[in-house]
Amino acid sequence: MIETSEKYFAQARQVIAGGVNSPVRAWQAVGGDPLFVSEARGSKIYDAAGREYIDFVLSWGPMILGHAHPDVIDSICRTARKGTSFGAPTEAETQIAQLIGSAIPSMELIRMTSSGTEATMTAIRLARGYTGRNMIVKFDGCYHGHADSLLVQAGSGVATLGIPGSPGVPDCLAELTVSLPYNDTDTVNSAIGRYGSQVAAIIVEPVAGNMGVVGPEDGFLATLRELTAKHGIVLIFDEVITGFRFAFGGYQDINGIKPDLTCLGKIIGGGLPVGALGGKKEIMAALAPAGDVYQAGTLSGNPLAVNAGLATLQLLQKKAASYAQLDLQAQHLCREIEKLFFAKSIPVCINRFHSMFTIFFQAGPVKNYRDAKKSDTDLFARFFHGMIKEGIWLAPSQFEAIFISFAHTDADIARTLEACAAALNNL
Ligand code: KE4
């Protein structure tokens with residue numbers, strides 16, 4: 001089982017940078033060689049040797065219906081037989097834009113892209129073009145894809161100019177981004193007081209999933225909304241993870257705070273390459289070809305991704321009332337996991353938001369990235385491998401989210417709890 005993946009990884013490293021096409025898949029945060037996958041169906045995923053696991057990564061969020069949902073696969077197959085890409089508009093793109101706009105009314109106009117990164121990269125360029133300003137405000141621990149201006153970490157002092165989060169990001173560009181502590185309204189107030197008239201956009205994950213799951217404290221998002229409205233700053237909600245994850249719409253449709261622009265990805269593509277940005281008409285109208293802010297993409301709005309996304313969203317629309325069931329399943333799982341860790345006197349802080357959660361290996365609370373980084377990542381790594389051994393596939397990093405799908409059964413949850421007990425006994 002493991003040998004097969006080891007062999008595949010050794011071969012991959014000969015021809016693929018780092019052996020993977022996205023860094024987190026290399027399991028560097030947990031050690032050991034990554035498992036290669038052969039297929040997945042429903043809540044299950046199978047490694048290269050055919051061993052079955054209950055999957056809680058769900059391709060980092062998209063597979064909320066479970067893997068290989070027959071209606072989604074049928075839609076992809078029917079579409080593929082009519083051709084896979086035309087580089088010309090199709091009616092289906094209008095249909096998915098209409099459906100997304102009906103679910104998330106703040107997205108008055110939409111532009112499809114092929115990834116979440118393209119969506120957020122375009123959103124900040126659009127905000128800069130629309131306002132004529134250059135500065136961006138983001139939050140420590142929030143990840144918005146790998147566009148240069150967003151691969152920036154907090155400067156030496158709070159609310160100081162950003163420093164590159166990666167080699168290759170020029171200092172002069174990083175300095176245009178300020179990264180602030182998440183949930184810290186005082187610091188946001190002072191930063192906007194200091195830079196307000198230079199700031200084009202504040203971009204935020206309304207529920208953070210990339211430092212592990214960290215929800216917004218009361219008043220945090222409302223403060224961002226007030227400050228951006230007051231200073232003519234574009235408020236961007238990065239809902240690449242949260243879009244259609246908690247309800248048939250965005251988190252914004254639950255908490256009532258409407259951004260100026262929203263970025264989506266993952267779920268709206270049903271597992272195919274996708275992203276989207278959308279928002280106020282007067283801002284989106286600045287995008288080429290109607291406006292002058294340039295953005296383009298050979299495969300943007302691609303028939304396969306759009307029809308896989310349409311099939312997914314249409315199924316989710318029918319299940320709109322069932323999201324509560326997903327939440328109850330996640331609530332039960334988290335409550336029982338907490339009991340298992342408590343019985344072993346291992347401190348954990350489980351942050352859950354509807355059907356996504358993170359088990360932080362610390363007593364908590366975890367309200368921002370500084371808190372999250374206090375976690376015992378070595379113990380997390382040992383737990384991760386213990387759960388893999390028990391047939392449970394978790395995200396290979398303490399700072400990611402665990403997702404539940406509509407395909408996860410009560411038996412899957414019960415099996416996961418048995419596995420957790422066994423993994424803790426061997427920790
Ligand atoms: P993509 O370019 O990966 O489609 O989307 C970037 C992105 C934007 N915004 C948020 C809130 C995101 O979470 C992401 C991507 N998420 C990561 C994992 N949390 C994708 C996994 C990976 O990088 O391999």
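In each ligand, atom 1 is the first atom listed, and ligand 1 is the first ligand listed. The residues of the chain are indexed from 1 along the displayed sequence. When reading the values below, keep in mind they use all heavy atoms of this one structure, side chains included, and skip hydrogens, waters and symmetry mates.
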To which protein heavy atom is atom 4 (O) of ligand 1 closest, and what is the distance rounded to 0.1 Å?
-> Gly116 N, 2.9 Å
Can you tell if the side chain of Thr177 reaches within under 4.5 Å of the side chain of Ile124, non-hydrogen atoms only?
-> no
closest protein heavy atom to atom 7 (C) of ligand 1 is Gly145 N, 3.8 Å
Would a 4.5 Å heavy-atom cut-off, applied to side chains only, mark Leu65 and Lys319 as touching?
-> yes
If we only count N/O pairs under 3.5 Å, is Thr117 in contact with ligand 1?
-> yes
N/O to N/O below 3.5 Å, does that happen between Val24 and ligand 1?
-> no
Salt-bridge contact Arg225-Asp260 (side-chain N to carboxylate O under 4.0 Å) = yes
With a 4.5 Å heavy-atom cut-off, do Phe36 and Thr4 have their side chains touching?
-> no
What about Ser22: any of its N or O atoms under 3.5 Å from an N or O on ligand 1?
-> yes
Side-chain heavy atoms of Thr416 within contact of Met387, under 4.5 Å = yes
Polar contact flag for Trp60 and ligand 1 (N/O pairs, less than 3.5 Å) = no
the protein heavy atom lying closest to atom 16 (N) of ligand 1 turns out to be Lys266 NZ, 3.1 Å
So which heavy atom in the protein is nearest atom 12 (C) of ligand 1, and how far is it from that ligand atom?
-> Asn210 ND2, 3.7 Å
Considering only non-hydrogen protein atoms, determine which one is nearest to atom 9 (N) of ligand 1 and report residue, atom name and distance to 0.1 Å.
-> Asp238 OD2, 2.7 Å
If we number the atoms of ligand 1 from 1 as shown, the ones under 4.0 Å from a heavy atom of Ile241 are 13 (O)
Short list, please: which atoms of ligand 1 are under 4.0 Å from a heavy atom of Ser115?
-> 2 (O), 4 (O)
Does the side chain of Glu226 come under 3.5 Å of the side chain of Thr223 through a donor N or O and an acceptor N or O?
-> no
What part of Arg25, side chain, backbone, both or neither, has a heavy atom within less than 4.0 angstrom of ligand 1?
-> neither
Shortest non-hydrogen separation from Leu151 to His146 and the atoms involved | CD1-O, 3.7 Å
Glu205, portion touching ligand 1 at heavy-atom distance under 4.0 Å = side chain
Could you list the atoms of ligand 1 found under 4.0 angstrom from a heavy atom of Tyr143?
-> 9 (N), 10 (C), 11 (C), 12 (C), 14 (C), 15 (C)
How about Phe360 and Phe380: are their ring centres within less than 6.0 Å of each other?
-> no
Sub-4.0 Å heavy-atom contact, Glu118 with ligand 1 | no
Let me see the working for Phe399 and Tyr143 under ring-ring contact (aromatic ring centres under 6.0 Å, His included), right down to the final yes or no.
-> CA-CA 11 Å; Phe399 307 109; Tyr143 174 69; over 10 Å; no
Using only heavy-atom distances, determine whether the side chains of Arg128 and Thr131 contain a donor-acceptor pair under 3.5 Å.
-> no
The atoms of ligand 1 lying under 4.0 Å from a heavy atom of Glu400, numbered in the order shown, are 18 (C), 19 (N)
